[in-house]
Every structure is written in structure tokens, then in C-alpha cells.
*Asks:* 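If you scroll down you'll find the structure; I have some questions about it.
Computed from a prediction, not measured in an experiment: that's the story for all the values here. Here is how names work: the chains are called A, B, and so on, in the same order as the sequence lines, proteins then strands, and each is numbered from 1.
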Protein chains: 2
Amino acid sequence: MLIYLPGNHFNIFGLKKKITLKHIARELEVSISTVSKALKNSEEIGRDTKEKVQAFAKLYNYKPNNIAISLKNKRTKNIGVVIPAIVHYFFTTVFRGIEKYANAHGYNVIVCVSDESFDKEVINMEMLANGSIDGFIMSLSAETQQKGDFNHLKEVTEQGIPLVLFDRVTEEVACDKVIINDTEIAYQAAEKLIKDGRKKIALITTYGYFNVSQKRAEGYRKALIDHGLDYTEDLILQLPYREINEESILDFFDNNQIDAVLCVNELFAILCMKLIQKRGFHVPKDISFIGFTDGILSRYASPALTTVAQHGDRMGEVAAQMLIERIESDIDEDEETFRTEIIGATLIERESTCN
Amino acid sequence: MLIYLPGNHFNIFGLKKKITLKHIARELEVSISTVSKALKNSEEIGRDTKEKVQAFAKLYNYKPNNIAISLKNKRTKNIGVVIPAIVHYFFTTVFRGIEKYANAHGYNVIVCVSDESFDKEVINMEMLANGSIDGFIMSLSAETQQKGDFNHLKEVTEQGIPLVLFDRVTEEVACDKVIINDTEIAYQAAEKLIKDGRKKIALITTYGYFNVSQKRAEGYRKALIDHGLDYTEDLILQLPYREINEESILDFFDNNQIDAVLCVNELFAILCMKLIQKRGFHVPKDISFIGFTDGILSRYASPALTTVAQHGDRMGEVAAQMLIERIESDIDEDEETFRTEIIGATLIERESTCN
DNA sequence: ACATTTCACGCAAACGGTTTCGTGTTGATA
DNA sequence: TATCAACACGAAACCGTTTGCGTGAAATGT
């Protein structure tokens with residue numbers, strides 16, 4: 001039996017265990033509901049009782065149990081974030097944006113990393129969908145995009161759990177989305193290279209069917225064609241995510257007289273730039289580079305990389321805002337009025353292109 | 001009234017809402033407890049009933065509600081991670097390790113970013129401590145370290161919530177810890193520079209009282225002294241976290257004939273290396289560099305940076321393992337048998353030092 | 001002095017599970 | 001045929017809160 005005396009609510013283990021309404025009620029010889037109401041300053045409860053209860057609660061640092069409240073309200077105040085990777089500049093900035101907005105609005109964030117795997121994505125979502133979260137923010141794993149299987153997303157939305165997709169999205173799922181204007185910004189980036197007088201502009205992209213890569217490729221293609229340059233598959237190099245064969249890159253550069261490169265991420269750009277420089281070429285004089293993702297690598301590379309800033313922070317904030325609005329809009333499902341928010345990407349010019 | 005017919009458990013909103021034990025019980029005209037037991041394959045329940053219940057549950061994709069289970073068992077299967085920053089290579093690798101281990105053991109991870117702020121750290125911990133998580137893994141914010149106020153940590157441990165500190169730890173809190181052998185590895189790094197014949201070895205470190213920086217400085221100092229080199233404050237440059245004044249760095253190099261640099265992080269190293277190279281010096285011929293944190297910058301810099309790998313992944317895994325063991329060891333608090341696990345850091349030699 | 005408010009509080013259900021214990025029915029046994 | 005164990009299931013408590021409603025006592029009105 002615990003005895004609650006001021007300054008002494010250590011139990012036999014020397015622990016100040018969390019106190020519950022029941023404890024307060026027992027100690028003050030009132031009912032649990034009285035305590036609950038007193039703490040909420042209900043008009044139903046008398047002055048004296050309220051003061052007594054509040055003082056006691058304060059003394060013992062009473063804090064309501066989140067889990068119990070979640071069960072009662074069917075609101076966890078948690079949002080689930082499922083992303084393909086965490087050790088990745090773009091995703092961490094998006095996450096930072098999400099966390100910032102969510103926290104400011106009383107929500108916590110549970111992160112699961114799909115590791116680009118379809119199965120992990122499914123498992124993680126199923127775990128979280130059983131009451132742990134009020135909504136999802138996610139970006140599709142590579143495997144999911146390749147597979148084209150979005151049933152796990154559909155199930156979640158059919159259950160009435162709000163979902164916001166960002167960056168790597170799909171049209172097959174009806175939900176809110178946040179993306180950047182990939183095609184346009186890729187067009188602008190390519191156009192900048194063209195205006196700098198470059199004639200053989202390569203595109204270095206990923207393997208597989210990444211939504212964003214495709215859109216960027218489309219912008220690149222359109223820019224070349226619009227400006228009367230030859231668009232040929234020879235100018236496009238696809239690289240795997242891991243275990244990049246440097247030889248193949250050098251071969252690619254050797255076989256085409258490339259004078260500018262647009263890469264769909266910063267890693268490819270930095271890597272190629274380094275190889276090319278070792279080969280004796282000068283950046284940007286001989287070859288200029290533009291990448292995507294204004295990450296830490298872009299800023300500190302030599303030369304600093306001209307790049308497309310995707311504004312991940314902003315993206316995360318917008319995604320969180322859309323999700324939380326959905327969650328809190330009690331008006332039963334604004335039936336099919338899903339929005340797609342477009343974050344304007346911007347080209348940041350640095351040393352890897354001519355001013 | 002919902003009617004449960006195969007292939008039709010959509011409600012009036014067109015939503016396949018999650019089904020509960022109560023629904024199954026009502027539909028099958030048995031009690032809730034029977035359903036619960038049947039789904040657990042209890043011996044108490046007859047064959048027919050079990051089959052009937054299980055089939056129904058499968059058909060309607062019944063999954064128990066995590067929140068209800070958490071309330072019952074007083075176990076959330078969530079762990080709280082509080083870190084100073086997320087857009088930061090080292091912390092993301094640690095996080096990856098935590099997430100990997102936790103997920104493999106059925107735990108989810110709630111992340112809160114303290115943003116190097118004491119107040120945010122406190123608020124985040126208080127939010128999570130009210131039942132949302134079973135334990136904490138954290139690394140102290142800069143402000144907390146400066147302030148030296150660890151009451152929020154002590155309160156948590158006094159409540160019986162397990163806590164594991166990593167990297168930025170403090171001796172003032174009794175809990176499990178995971179750190180690297182900072183002093184020794186800094187000693188080894190400095191020693192390597194000395195053995196390469198360097199005479200004027202600088203230390204570039206942070207302002208303020210970072211536990212790890214101090215320990216690294218200590219290793220550096222000891223190496224110099226042990227090898228008969230002059231140890232002088234002139235050789236130490238302290239930089240702020242943000243808004244680094246490049247002039248002051250160049251002044252520092254100009255005023256001392258430095259031929260090697262040990263930096264307490266990779267950013268400082270990359271930055272200084274870049275400045276020095278612009279100044280016309282050759283790395284590593286004129287000046288060699290060693291950094292801490294084997295991040296993406298180190299690998300892709302020119303020249304690639306020799307650096308101390310802190311093995312964040314491993315650190316995260318170990319921290320998660322220690323925490324989960326604590327959580328699941330029902331044996332009431334192995335009173336004061338806290339461990340401090342040391343992850344062996346390793347020096348990775350690359351191009352910024354002579355082979 | 002009696003009827004009616006008002007006040008201050010407690011009861012109990014609910015959220016969605018788990019689990020202990022009790023009980024009616026059945027079949028076997030003496 | 002009376003006894004009893006085995007079987008199959010239900011009732012209820014519990015985790016910690018919230019909240020609608022009921023109720024005894026005091027305060028008010030007539």
C-alpha cells in the first residue's frame with residue numbers, strides 16, 4: 001500500500017512512479033470522476049474540492065496517461081512517417097519539416113524506414129495502422145514503385161486513415177500529395193546549360209521506374225528539343241543506387257564529347273565530377289554540372305555544385321499541415337477533394353556551372 | 001447497424017473501418033472473451049468455435065488495437081529517441097541502427113529533435129514520458145551540456161523509465177551509456193600525424209563544453225606531449241557551430257606554420273581543407289587533415305578525408321539492445337548495475353593524409 | 001412547513017483488449 | 001441413478017480516462 005505524504009511518494013523500489021486519478025481519488029477520499037472533473041476545472045465541482053485536488057495533483061506531478069486518453073478519444077496524436085531511407089539529406093530535411101510542424105501542433109512522429117523495400121513498407125504500415133497513429137506521411141520505396149503494387153496504401157485510405165504522399169508519389173492512390181515541379185525545374189536546369197553554350201548535355205539518372213527521375217528526364221528532353229539540340233539515348237546514363245561501377249562512367253564520358261551534365265541527385269553529380277576532374281578535365285570550363293538535392297555535399301564539394309534545391313523542410317511542413325488538417329477536420333471526409341501541393345524548386349547556381 | 005457479410009463490410013461512408021472483438025462477438029453470437037481466446041488458440045475453446053471465429057477474423061482482417069493492448073499491458077512497444085539534430089550524418093546513422101534493432105524486436109521509434117535546445121529537450125521528454133514510450137535513447141543537446149542541468153533525465157529514471165545515453169553523455173545521470181573511446185582514438189589520430197613527420201599539429205574544435213570535444217582534445221594533448229611535441233593553446237582553434245568566419249580560420253593558419261590538422265568533426269575538416277586549398281596549399285603534401293565522423297562528406301571530398309569512423313549504426317544497435325533488455329528484464333531494476341558500452345572507433349585512412 | 005431548485009458529487013458505461021474465475025451442460029463412472 | 005470431472009463458454013474485473021446522468025443534501029421559494 002502506498003502512502004502519499006508530501007515529499008514522499010517513493011515506493012519500495014525507490015521509484016517515483018507515475019500517479020493516476022485512482023491514486024488521487026483514494027488518497028483524497030473522493031471518486032475518480034470528481035478528480036477528473038476537478039482537474040479540468042469543471043463547474044460541477046465545488047471550490048474546496050477543486051483546490052484540494054489540484055494542489056495534490058500538482059504536488060505529485062500528476063500527468064494524464066497518454067495511452068488511456070488515446071484509447072478514449074481514438075486519437076493518438078501520433079503521425080507515422082514511412083520513408084525509404086534516413087541517412088539521406090533530402091529525406092532528413094523533409095523529416096525535419098514534418099517534425100517541426102507536427103510538434104508545434106502537439107503531435108509526435110513515429111518513423112519507420114522502408115529501406116527501399118516493398119515488404120518492409122507493408123509491414124511498417126500495417127504495424128502502425130492498428131491504432132498507433134492518426135495518419136501517414138510517406139514517400140514510396142524504390143521496390144514499391146517498380147512493383148506498382150499500392151494495395152497497402154489503398155487499404156489504409158479505405159480504413160479512413162489520412163495519407164499524404166510526398167516526392168515519390170503515385171497517381172494510383174487517391175490522397176493528398178506534395179511534390180516539386182520536377183519537369184519544369186529540370187527543364188530550367190537544362191536550359192541554363194544550353195544558354196551557357198553547352199551542346200552535348202548528358203543526363204545521369206537512376207535505373208528503374210522512379211516517378212521523379214522520369215519527370216526530370218522529361219524536362220531535360222523537352223529543353224533539348226525546344227532549343228534545337230539533338231536528343232539521343234546516348235546522352236543518357238543510368239546508374240544503380242549502390243555499387244556504382246566507375247569504369248562505366250568514364251566510358252560514358254569518353255564515348256561522347258559531353259560538355260555538361262544534369263544529374264537527378266547530388267551523389268551522382270559529385271561522383272562524376274570527381275572522376276572527371278581526376279581525368280584532367282576542368283569543371284566548369286570543360287564540363288559543367290548541375291545536380292538535384294541541395295545537400296551538404298553540393299555545398300562543400302570542389303567546385304561547389306550548382307543544384308536544384310527541393311526545399312525539403314518546406315515540403316515536410318506542408319505535408320504535415322495537410323495531414324493534420326485532414327485528421328482534425330471532423331467533417332466526415334470531404335469526399336474526394338484531395339489536393340496536390342507543388343513546392344517550387346529553385347536552381348542554386350554555384351561553381352560547377354559558369355556564372 | 002453494420003451487417004457483416006463476406007466481401008461487404010463497407011459502412012455508409014464507404015470505409016472499411018477496423019473491426020473489433022465486439023463486432024466479431026456480436027456477429028457470431030458469442031462473447032467477447034470467447035473471441036479473444038479463440039483468436040489466441042486457447043485450449044479453453046472448442047474446435048468449431050475456434051475455426052468459426054478465426055475464419056471470420058481473417059475474412060475481415062481483424063487486427064488487435066495496439067492502444068488497447070498498450071493500456072492493458074502497460075507496454076507500448078515504442079521507444080523514444082531524443083537527438084539534437086536529424087540532418088546530421090552521425091545522428092542519422094545512429095538512428096538507423098536504433099530503428100533497425102528496434103523494429104526487428106517489435107518496437108517502433110518515436111523521434112523528437114531537441115534542436116540543441118534545453119527547453120525542447122525537456123518538453124519532448126515530458127510529452128513522451130506520460131505513457132507514450134517504454135524507454136528513452138538520447139544524446140544531450142548542446143544547451144543541456146552547457147547548462148549542466150539534468151533534472152529532466154533524473155526524473156525520468158526515477159519514474160523507472162529506462163534511459164540509454166549515447167555519445168553526448170553525462171556522468172551525473174545514472175543510466176546505461178554508449179560512447180566511443182574518444183580520448184584514445186584522438187590520441188591515435190594525432191599519433192598518426194606525428195609518425196608521418198608532422199611537427200605543428202593543430203586541433204580544430206567546437207566552442208563550449210562538449211563532453212566529446214573535451215575528450216578528443218585530451219587525447220590530442222596527450223599524444224603531443226608523449227611524443228615530445230610542444231603543446232600550446234596557439235595550436236587550438238575553436239569554432240562556433242554556425243556562421244563560421246572564414247577569415248578567422250585563414251588567420252589561424254597564417255599565424256602558425258601548421259602542417260597537420262585534427263578536427264573534431266568532418267565539417268570543420270572539409271571547410272578548412274577547402275580554404276587551405278584555395279590558398280594554394282596542397283593536401284596532404286603541405287598540410288594533412290584528419291576529421292571525426294566518417295560521413296558522406298569525408299568520402300566524397302577532394303581529397304577524400306582521413307577520418308575517425310564512429311560507427312554510428314553499431315552505436316545505435318547497441319543502445320537499442322541495452323534499452324530493450326532493460327525494458328524487458330522484469331526482474332525489478334538490477335539496482336545500479338548500469339553499464340557503459342564503448343564502441344571502438346577506427347581510423348580510416350584516405351587521401352588527406354600521407355599513406 | 002413543505003415543495004422545488006441548486007449544488008456537489010458519485011455511479012457507471014465506454015474506449016478495446018486480456019485474463020481469472022465461475023457455471024451450465026455433457027458424458028463417464030460407481 | 002447420483003456423482004463428478006471435463007468441456008466450452010460467459011461474466012466481470014482491469015488498464016486510465018472521460019462524461020452523461022442520477023441523487024442526497026442543502027438552499028431556496030411559497
*Asks:* Taking C-beta and beyond as the side chain, do A/Val30 and A/Val35 meet within less than 4.5 Å on heavy atoms?
*Replies:*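 They are in side-chain contact.
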
*Asks:* Under 4.0 Å from any atom of DNA chain C, heavy atoms only: list the residues of residues 45-55 of chain A that qualify, in numerical order.
*Replies:*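 The answer is A/Ile45, A/Gly46, A/Thr49.
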
*Asks:* Within residues 122-134 of chain A, find the residues that approach DNA chain C with a heavy atom at under 4.0 Å, and present them sorted by residue number.
*Replies:*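 Contacts with DNA chain C under 4.0 Å: none.
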
*Asks:* At a cut-off of 3.5 Å, list every protein nitrogen or oxygen paired with a nitrogen or oxygen from nucleotides 21-27 of chain D, distance to 0.1 Å.
*Replies:*
{"residue": "D/dC21", "atom": "N4", "partner": "A/Glu44", "partner atom": "OE2", "Å": "2.8"}

*Asks:* Using atom NZ of B/Lys74 as one end and atom P of C/dT19 as the other, report the distance to the nearest whole Å.
*Replies:*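 These atoms are roughly 15 Å apart.
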
*Asks:* Between A/Asn108 and B/Asn124, is any side-chain donor less than 3.5 angstrom from a side-chain acceptor?
*Replies:*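 Not at all, the side chains of A/Asn108 and B/Asn124 share no donor-acceptor pair under 3.5 Å.
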
*Asks:* Between B/Lys22 and C/dG17, is there a side-chain N or O to OP1/OP2 distance below 4.0 Å?
*Replies:*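 It does not, given that no N or O in the side chain of B/Lys22 lies less than 4.0 Å from OP1 or OP2 of C/dG17.
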
*Asks:* Output the rounded distance in Å from CG (B/Asn66) to C1' (C/dG17).
*Replies:*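 Those two atoms, CG and C1', are 11 Å apart.
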
*Asks:* Take atom CG of A/Asn73 and atom C1' of C/dG16, then tell me their distance rounded to the nearest Å.
*Replies:*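 After rounding, the reported distance stands at 14 Å.
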
*Asks:* Atom CG of B/Leu71 and atom C1' of C/dT19: how far apart are they, to the nearest Å?
*Replies:*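 It works out to 15 Å between those atoms.
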
*Asks:* Output the rounded distance in Å from CG (A/Asn65) to C1' (D/dC14).
*Replies:*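 So the CG-C1' distance, A/Asn65 to D/dC14, works out to 14 Å.
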
*Asks:* With a 4.5 Å cut-off on side-chain heavy atoms, are A/Leu163 and A/Val173 touching?
*Replies:*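 A side-chain contact exists here, since the closest heavy-atom pair is under 4.5 Å.
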
*Asks:* The criterion is ring pair (Phe, Tyr, Trp, His ring centres under 6.0 Å); which residues satisfy it with B/Phe91, sequence neighbours excluded?
*Replies:*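 B/Phe91: ring pair (Phe, Tyr, Trp, His ring centres under 6.0 Å) contacts with B/His88.
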
*Asks:* Under 4.0 Å between a side-chain N or O of A/Tyr62 and OP1 or OP2 of D/dG16?
*Replies:*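 No, because none of the side-chain N or O atoms of A/Tyr62 sits under 4.0 Å from OP1 or OP2 of D/dG16.
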
*Asks:* How close or far is atom P of C/dA14 from atom CG of A/Leu21, stated in whole angstroms?
*Replies:*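 After rounding, the gap between these two atoms is 20 Å.
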
*Asks:* Keeping to residues at least two apart or across chains, list the salt bridge (charged side-chain N to carboxylate O under 4.0 Å, His left out) pairs with something in residues 42-56 of chain A.
*Replies:*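 For residues 42-56 of chain A: A/Lys37-A/Glu44, A/Arg47-A/Glu51.
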
*Asks:* Sequence neighbours left out, what pairs pass salt bridge (charged side-chain N to carboxylate O under 4.0 Å, His left out) with at least one residue falling in residues 119-129 of chain B?
*Replies:*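 Pairs touching residues 119-129 of chain B that pass the test: B/Asp115-B/Lys120.
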
*Asks:* Does the side chain of B/Ile19 come within less than 4.5 Å of B/Ile24's, by heavy atoms?
*Replies:*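 Yes, close enough: below the 4.5 Å cut-off.
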
*Asks:* Does D/dT17 have OP1 or OP2 under 4.0 Å away from a side-chain N or O of A/Ser36?
*Replies:*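 Checking D/dT17 against A/Ser36, no side-chain N or O comes under 4.0 Å of OP1 or OP2.
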
*Asks:* Can you figure out which of D/dT17, C/dC15, D/dA11 approaches the side chain of A/Ile32 most closely?
*Replies:*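 Nearest nucleotide to the side chain: D/dT17.
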
*Asks:* Can you confirm whether or not the ring centre of A/His23 sits under 6.0 Å from the ring centre of A/Tyr60?
*Replies:*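 Distance test on ring centres: not under 6.0 Å, no.
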
*Asks:* Under 4.5 Å between any side-chain heavy atoms of A/Leu39 and A/Leu21, yes or no?
*Replies:*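 Yes, their side chains come closer than 4.5 Å.
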
*Asks:* Classify the side-chain pair A/Gln159/A/Glu155 by whether it contains a donor and acceptor separated by less than 3.5 Å.
*Replies:*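 No, no side-chain donor-acceptor pair sits under 3.5 Å.
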
*Asks:* Quick one: the side chain of B/Thr34 and the base of D/dA8, do they pair up donor-acceptor inside 3.5 Å?
*Replies:*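 No such pair is found, so the answer is no.
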
*Asks:* Roughly how many Å is it from CG in B/Leu39 to C1' in D/dC9, rounded to a whole number?
*Replies:*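 It is 15 Å, rounded to the nearest whole Å.
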
*Asks:* Tell whether B/Ser31 reaches the base of D/dC9 with its side chain through a donor-acceptor pair below 3.5 angstrom.
*Replies:*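 Under the 3.5 Å cut-off, the side chain and the base do not form any donor-acceptor pair.
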
*Asks:* Please state how far atom CG in A/Leu28 lies from atom P in C/dA8, giving the value in whole angstrom units.
*Replies:*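 Interatomic distance, CG of A/Leu28 to P of C/dA8: 17 Å.
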
*Asks:* Within the 4.0 Å heavy-atom criterion, would you say A/Lys72 contacts the bases, only the backbone, or no part of the nucleic acid?
*Replies:*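 Base: the residue A/Lys72, judged by heavy atoms under 4.0 Å, touches a nucleobase.
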
*Asks:* Is A/Asn41 close to A/Gln54 at the side-chain level, that is, under 4.5 Å between some pair of heavy atoms?
*Replies:*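 Sidechains of A/Asn41 and A/Gln54: in contact.
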
*Asks:* Below 4.0 angstrom, N of the basic side chain to O of the carboxylate: do B/Arg326 and B/Asp176 qualify?
*Replies:*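 Yes, charged N to carboxylate O under 4.0 Å.
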
